[in-house]
Peer 1: 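Encoded as structure tokens, here's the structure I'll be asking about.
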Amino acid sequence: MSTGFFPVDKIAYEGPSSTNPLAFQHYNPDEIVMGKRMEDHLRFAAAYWHSFAWPGGDPFGGQTFDRPWFGDDMAKAKLKADVAFDMFTALGVPYYCFHDADVRPEMNNFADNTKALNEIVEVFAKKQEETGVKLLWGTANLFTHRRFMGGASTNPDPDVFAFSAATIKTCMDATMRLGGENYVLWGGREGYETLLNTNLGQEDAQMGRMLNMVVEYKHKIGFKGDILVEPKPQEPSKHQYDYDTATVYGFLKRHGLENEVKMNLEQGHAILAGHSFEHEIATACALGIFGSIDMNRNDYQSGWDTDQFPNNVPEVAQCYYHILKNGGFKNGGTNFDAKLRRQSLDAEDLLIGHIGGMDVCARGLKAAAAVIEDGTYDSFLEERYAGWQGDEAQKMLGGDYSLDEIAEYVEKSDVNPAPKSGKQEYLENLWNRFV
């Protein structure tokens, strides 16, 4: 039964000519793209934290939202769940995601936190059964409470490490109970503010042990989903250890986890690391660790993670190009880790933000599919690297030639390569045909 918080119960697809802000113009879940339903390609999820737990603050100002479910008690938590599932069903998203602290009150101790979480999990289980909405992933909030100010797994206090490990265990149990398809770890405080009080080697060892325990527990309980790490370079810490995809891959290799853990990538975090979102996705695909995405955007003129809803179709199209070329999502999906602007106070604003984001992703997906089906772009890439299919190139790449043997080959064959155009402007114009 609807709580009546939102002005409509269901968002319909009305097509590109529609001017209704509470309707989809481009997201048609049943539209076939490259032989597959659009809904099954995109696997949309809504984030519990930004939509229902965030009060509208920013680094310089406090709460602007006044929601009827705000408050630290179980009755308010259950009302929040009612409103959340109203939104999920109105939007028609097949999935949602949450942190433990988003859905339960902060209690006096670990035992009471666990009891409160388990009570809400049973509420969620019933709502999932009633609505058909599923859990894309769960995670633990190990960064907001003051106990985590020096890190969670990387904290100098082993009691904080133990509290964090226990909390992760309860959140993995909750994710398993709800049929979650992934479990995410995001180290919001896993880094340092100053090297003056930091032992890097010690903290790396602690973080590696924590992630190994997570993987061990996954196998112990028979969890079939992926373990995902979400990289972030800075904010709030001066430097966070999970800086970007390449850094995390080095960490995984160092701790023997490269075949056990994949990436949950966010556009806002990519920008803070000095990368594009498509760079992070392409890197993860190339390394064989791509898992899922948090879809949002940053304000390019702000120095923090602004988590705005996506609105740039060309950027989004290049992201989905790499995802499609990698075979699409397996267990992962497109989670809207996005929040309203602090002046967007109305209930309908929550729906409108998601509607616009879903439409942008739909347009990006179709553009990426059109680029692939056209074949011109892929043919260009294949031709650009075609020389590597030759015998001598294959020997160099395969390790058949040593450095001095290559030098001998270059001298004997009088190798003197002429530069070739990279055709960037042509490729930019080519992509613009499709977006």
Side-chain angles (χ1 to χ4, degrees), residues 11-18 23-47 88 91-97 134 136-137 181-182 262-268 270 276-285 290-297 308-338 351-378 381 427-428 430-435:
I11 305 299
Y13 169 71
E14 295 184 0
S17 62
S18 175
F24 294 117
Q25 293 178 310
H26 301 279
Y27 177 61
N28 179 1
D30 293 321
E31 183 176 343
I32 301 301
V33 179
M34 293 180 66
K36 190 174 179 179
R37 293 175 66 249
M38 186 180 287
E39 179 180 270
D40 297 332
H41 271 297
L42 292 167
R43 291 168 60 86
F44 282 132
F88 304 154
L91 292 169
V93 292
Y95 295 101
Y96 71 106
C97 304
K134 297 175 286 186
L136 186 65
W137 49 260
E181 298 188 19
N182 308 270
K262 293 182 170 63
M263 306 301 297
N264 184 64
L265 300 170
E266 180 188 299
Q267 194 266 8
S276 66
F277 197 17
E278 58 267 27
H279 164 87
E280 286 290 271
I281 293 171
T283 301
C285 291
F290 176 74
S292 194
I293 61 172
D294 280 359
M295 181 59 79
N296 57 26
R297 64 184 172 95
Q308 295 169 247
F309 283 93
N311 68 354
N312 189 318
V313 175
E315 285 185 350
V316 170
Q318 290 191 46
C319 295
Y320 282 117
Y321 169 82
H322 291 288
I323 293 170
L324 289 173
K325 292 294 287 186
N326 195 56
F329 292 115
K330 277 73 173 180
N331 292 326
T334 304
N335 174 47
F336 285 107
D337 187 0
L351 295 177
I352 291 170
H354 285 87
I355 291 166
M358 293 166 77
D359 272 344
V360 165
C361 290
R363 292 175 65 191
L365 175 76
K366 290 195 286 187
V371 168
I372 293 171
E373 290 172 334
D374 172 77
T376 304
Y377 176 66
D378 286 340
L381 286 180
L427 295 172
E428 290 168 346
L430 173 63
W431 267 84
N432 282 337
R433 296 180 200 169
F434 298 95
V435 296

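FYI, the numbering just counts along the sequence from 1.
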Peer 1: Could you check whether any side-chain heavy atom of Lys325 comes within less than 4.5 Å of a side-chain heavy atom of Asp378, counting everything from C-beta outward?
Peer 2: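 Touching, per the 4.5 Å side-chain cut-off.
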Peer 1: Going by side chain to side chain donor-acceptor pair (under 3.5 Å), name the residues that satisfy it together with Glu266, two or more places apart in sequence or in a different chain.
Peer 2: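 Scan of Glu266 (side chain to side chain donor-acceptor pair (under 3.5 Å), adjacent residues dropped) gives His269, Asn296.
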Peer 1: Just grab all the salt bridge (charged side-chain N to carboxylate O under 4.0 Å, His left out) pairs involving residues 31-40, residues at least two apart or on different chains.
Peer 2: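 Listed once each, the pairs are Asp30-Arg37, Glu31-Lys366, Arg37-Glu39, Arg37-Asp40.
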Peer 1: With heavy-atom distances below 4.5 Å as the criterion, would you say the side chains of Thr376 and Leu430 are in contact?
Peer 2: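 Answer yes - side chains close enough.
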Peer 1: When you look at Val360 and Asn312, which way does the side-chain contact (heavy atoms from CB on, under 4.5 Å) test go after all the steps?
Peer 2: CA-CA 7 Å; Val360 165; Asn312 189 318; over 6 Å; no
Peer 1: Under the 3.5 angstrom rule, does the side chain of His41 hit a backbone N or O of Val33 as a donor-acceptor pair?
Peer 2: yes
Peer 1: In terms of ring plane angle, is the pair Phe88 and Tyr96 parallel, tilted or perpendicular, where the classes change at 30° and 60°?
Peer 2: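 Rings of Phe88 and Tyr96: parallel, as their planes differ by under 30°.
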Peer 1: I need the Ser292 OG to Glu181 CD distance, nearest 0.5 Å.
Peer 2: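 Between atom OG of Ser292 and atom CD of Glu181 there are 9.5 Å.
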Peer 1: May I ask you to decide if Thr334's main-chain N or O and Arg43's side chain share a donor-acceptor pair within less than 3.5 Å?
Peer 2: no
Peer 1: Is there side-chain contact between Leu265 and Phe290, with at least one heavy-atom pair below 4.5 Å?
Peer 2: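 Contact flag for Leu265/Phe290 side chains = yes.
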Peer 1: Looking at Val316 and Pro310, what are the two nearest heavy atoms and their distance?
Peer 2: CG2-CB, 4.4 Å
Peer 1: Apply side-chain contact (heavy atoms from CB on, under 4.5 Å) to residues Leu365 and Leu42 and explain how you reach the verdict.
Peer 2: CA-CA 8 Å; Leu365 175 76; Leu42 292 167; 3.9 Å; yes
Peer 1: Rounded to the nearest 0.5 Å, how far apart are CG of Asp337 and CD of Gln308?
Peer 2: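 The CG atom of Asp337 sits 12.5 Å away from the CD atom of Gln308.
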Peer 1: Quick one, Gln267 and Glu315 - any side-chain contact, counting heavy atoms below 4.5 Å?
Peer 2: yes
Peer 1: Are side-chain heavy atoms of Phe336 and Val93 found at a separation under 4.5 Å?
Peer 2: no
Peer 1: Can you tell me how far CE of Met358 sits from CE of Met295, rounded to the nearest 0.5 angstrom?
Peer 2: 12.0 Å
Peer 1: Starting at SG of Cys361, measure out to CE of Met38 and round the result to the nearest 0.5 Å.
Peer 2: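 The SG atom of Cys361 sits 10.5 Å away from the CE atom of Met38.
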Peer 1: Met34 versus Leu324: any side-chain heavy-atom pair under 4.5 Å?
Peer 2: yes
Peer 1: Checking Ser18 against Tyr13 for the side-chain contact (heavy atoms from CB on, under 4.5 Å) test, could you report, in this order, the C-alpha distance in whole Å, the side-chain angles of both residues, the deciding distance, and whether it holds?
Peer 2: CA-CA 9 Å; Ser18 175; Tyr13 169 71; over 6 Å; no
Peer 1: To the nearest 0.5 Å, what is the distance between CD1 (Ile11) and CD1 (Ile355)?
Peer 2: 4.0 Å
Peer 1: Looking at every non-hydrogen atom in both residues, tell me the closest pair between Glu278 and Cys319 and how far apart they are.
Peer 2: N-SG, 3.9 Å
Peer 1: For the pair Asn311 (side chain) and Gly356 (backbone), establish whether a donor and an acceptor sit closer than 3.5 Å, ignoring hydrogens and angles.
Peer 2: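 Checking the backbone N and O of Gly356 against the side chain of Asn311, no donor-acceptor pair under 3.5 Å is found.
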Peer 1: Does the Asp359 side chain pair with the main chain of Phe24, one donor and one acceptor, at a distance under 3.5 Å?
Peer 2: no
Peer 1: Flag the pair Asp374 and Arg433 as a salt bridge only when some basic side-chain nitrogen lies within less than 4.0 angstrom of an acidic carboxylate oxygen.
Peer 2: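 No, this pair does not count.
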Peer 1: Considering only heavy atoms from C-beta outward, does the side chain of Ile293 approach that of Tyr320 to under 4.5 Å?
Peer 2: yes
Peer 1: For Val435 versus Ala367, what's the shortest heavy-atom pair and its separation?
Peer 2: CG1-CB, 3.6 Å
Peer 1: Where do Ile323 and Phe329 land on the side-chain contact (heavy atoms from CB on, under 4.5 Å) test, with the steps shown first?
Peer 2: CA-CA 7 Å; Ile323 293 170; Phe329 292 115; 3.8 Å; yes
Peer 1: Please check if the distance between the ring centroids of Tyr377 and Tyr321 is under 6.0 Å.
Peer 2: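 Yes: the rings meet the under 6.0 Å criterion.
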Peer 1: Restricting to non-hydrogen atoms, name the atom on Ala46 and the atom on Asn335 that form the minimum distance, rounded to 0.1 Å.
Peer 2: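 That would be C-OD1, 3.6 Å.
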